[in-house]
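Please read the structure below before turning to the comments.
The sequence lines fix the lettering, A, B, ..., with proteins before strands; numbering per chain opens at 1.
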Protein chains: 2
Amino acid sequence: MVRPSSRDAILRVFAEHVAERGYAETALADVAVALGLSKGTILHHFGSKEALLGEVHVAYFGRRLAEADYVRAHLESPVERLVAMIYALLAAHRDDRAASLTCLRELVRYSGDELGGTLAEHIRGQRTRYTDLVVDIVRAGAAAGELHTADPRMTALHVFGMCNYAWTWYRPDGPESVEHIAGVFVRDLLGEERDTELARAIAVVRRAPGRVPAG
Amino acid sequence: MVRPSSRDAILRVFAEHVAERGYAETALADVAVALGLSKGTILHHFGSKEALLGEVHVAYFGRRLAEADYVRAHLESPVERLVAMIYALLAAHRDDRAASLTCLRELVRYSGDELGGTLAEHIRGQRTRYTDLVVDIVRAGAAAGELHTADPRMTALHVFGMCNYAWTWYRPDGPESVEHIAGVFVRDLLGEERDTELARAIAVVRRAPGRVPAG
DNA sequence: CATTGCTGACTGAACGGGCGGTCAGTTACC
DNA sequence: GGTAACTGACCGCCCGTTCAGTCAGCAATG
């Protein structure tokens with residue numbers, strides 16, 4: 001295999017395997033042969049299997065946070081921002097598929113407060129930041145009277161569940177497009193079609209940095 | 001340990017372990033010592049670790065389906081039925097906790113079309129039936145003009161995600177009660193407080209069969 | 001240019017622990 | 001005494017991790 005940056009290739013193939021089979025069912029030996037490398041090389045670069053998973057998480061959340069910052073910078077109204085976040089989360093299932101599936105499958109490894117080194121702590125920090133971003137959007141929308149909620153944090157968790165759970169049923173080659181799904185979800189949540197907001201949100205998210213172009 | 005029906009005890013403790021650690025990280029030996037049994041006994045009753053997981057799934061979905069049938073029989077309006085299903089799904093996180101967590105964690109094992117014997121097929125059948133129940137409720141509500149959706153199946157998946165994803169953050173001893181969470185979700189979805197429907201739904205679900213009283 | 005020595009990617013064999021599963025035999029109950 | 005629950009020792013595989021060593025590139029040296 002080529003010399004430079006096997007790291008990225010390892011990360012990518014590892015994520016693909018975990019996305020498909022799950023972490024525990026993924027053997028480093030399989031990843032190695034898929035890359036034409038030896039098992040030893042993978043450990044040489046990352047030290048342990050767990051660290052490898054950690055790096056996939058950090059990279060994924062880095063991308064989502066960059067995207068979110070871009071949305072925040074380019075859309076003003078809370079409704080548009082919220083719609084954009086919904087679309088972004090769903091689009092990641094299609095365009096950043098391996099990492100999305102990996103992180104959503106193995107989410108729980110970094111949710112509890114169990115210790116786990118500085119890496120795990122960092123990942124928890126990223127998650128908290130992302131969550132807070134959406135909570136703030138919901139709160140702002142409620143304050144502006146543009147959307148209604150009895151509890152912004154719960155509504156944010158509602159949104160995360162609605163979008164993230166799609167990993168269990170969404171298939172890129174399925175009949176429903178991400179744009180259609182986002183449209184339905186937005187309508188469910190906001191009570192009416194929001195086609196203009198949706199169109200703007202889609203346009204902004206598509207231009208956002210940190211996105212992996214559809215494979 | 002007592003002689004009769006170790007089966008149920010094994011199933012229960014196994015589910016508790018999987019709920020806490022995950023399937024792959026659960027060792028049958030640990031379950032055995034927790035029960036004061038030997039590993040051999042567990043295999044003697046269930047044949048394999050996988051079969052054990054399967055039985056937890058079957059029992060869990062059996063309970064949810066019994067509950068759903070009861071709701072269907074005791075509530076007429078689609079809105080009330082939908083509210084009841086939301087409450088039931090959330091309440092299971094509290095009252096049927098070990099099985100809920102186990103099944104939601106390991107959901108994916110029975111979602112793909114990968115083969116897996118008659119048991120896996122049976123479980124897929126249960127899941128399909130449950131999904132269809134909710135899709136039908138949404139469709140009926142839309143037809144009656146009582147709720148709006150651009151796509152009943154997507155809206156049903158929205159509801160499942162919203163409720164099921166709670167496994168990643170809901171804690172029985174947390175600040176928010178299941179009733180509060182259900183109230184917020186229902187409001188998010190239906191656009192306004194639905195306190196009377198929620199109260200009726202809660203009352204019906206609490207009387208439903210197949211429920212495990214809060215531990 | 002040839003030599004030397006360093007660095008870091010890479011290898012492959014071996015290790016060792018964990019764990020699901022097997023089985024021949026024992027115990028307890030009807 | 002037949003049946004079913006139960007045991008505990010054992011097997012064998014899988015897989016993450018270790019490690020001593022190879023090889024390619026490269027910079028400094030003369």
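- Residues from residues 24-33 of chain B with heavy atoms under 4.0 angstrom of DNA chain C, sorted by number: Thr26(B), Ala27(B), Leu28(B).
- Straight-line distance from the CD1 atom of Ile42(A) to the P atom of dT11(C): 10 Å, rounded to whole Å.
- Aromatic ring pairs are classed by plane angle as parallel below 30°, tilted from 30° to 60° and perpendicular above 60°; the pair Tyr170(A) and His93(A) is perpendicular.
- Electrostatic pairing of Arg187(B) and Asp151(A) does not count as a salt bridge here, judged by no charged N lying under 4.0 Å from a carboxylate O.
- Considering only side-chain N and O atoms, His44(B) lies nowhere under 4.0 angstrom from the phosphate OP1 or OP2 of dG21(C).
- When rounded to the nearest whole Å, the span between CG of Leu43(B) and C1' of dC23(C) equals 12 Å.
- Between the side chain of Arg64(B) and the backbone N or O of Ala88(B) there is no donor-acceptor pair closer than 3.5 Å.
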side-chain contact (heavy atoms from CB on, under 4.5 Å) evaluation trace for Glu106(B) with Val56(B)
CA-CA 11 Å; Glu106(B) 309 297 337; Val56(B) 174; over 6 Å; no
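- The minimum heavy-atom distance between Cys163(A) and Leu89(A), with the atom names listed, is CB-CB, 3.9 Å.
- Ion pairing between Asp132(B) and Arg129(B) fails under the 4.0 Å rule for side-chain N and carboxylate O.
- For the pair Ser6(A) and dA9(C), the criterion of a side-chain N or O lying under 4.0 Å from OP1 or OP2 is not met.
- Atom P of nucleotide dC15(D) and atom CG of Leu52(A) are separated by 16 Å, given to the nearest angstrom.
- In this structure, His45(B) places its NE2 atom 12 Å from P of dA4(D), rounding to the nearest Å.
- Using a 4.0 Å cut-off, no side-chain N or O of Ser38(A) falls inside it from OP1 or OP2 of dG12(C).
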Do Trp167(B) and Arg105(B) pass the side-chain contact (heavy atoms from CB on, under 4.5 Å) test, and can you show the C-alpha distance, the side-chain angles, and the key distance before you say yes or no?
CA-CA 8 Å; Trp167(B) 83 268; Arg105(B) 266 187 167 220; 3.6 Å; yes
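- For Lys39(B) and dT7(D), a side-chain-to-base donor-acceptor distance below 3.5 Å is absent, hydrogens and geometry of angles not being considered.
- The CG-P distance, from Leu37(A) to dG8(C), rounds to 19 Å in whole Å.
- Residue Ile10(A) contributes atom CD1, which lies 10 Å from atom C1' of dC10(C) at whole-angstrom precision.
- Taking atom OH of residue Tyr23(B) and atom P of nucleotide dC19(C), one finds them 13 Å apart after rounding to whole Å.
- At whole-Å resolution of the value, CZ in Phe46(B) and P in dG20(C) are 15 Å apart.
- At the phosphate of dT7(D), OP1 or OP2 sits under 4.0 Å from a side-chain N or O atom of Thr41(B).
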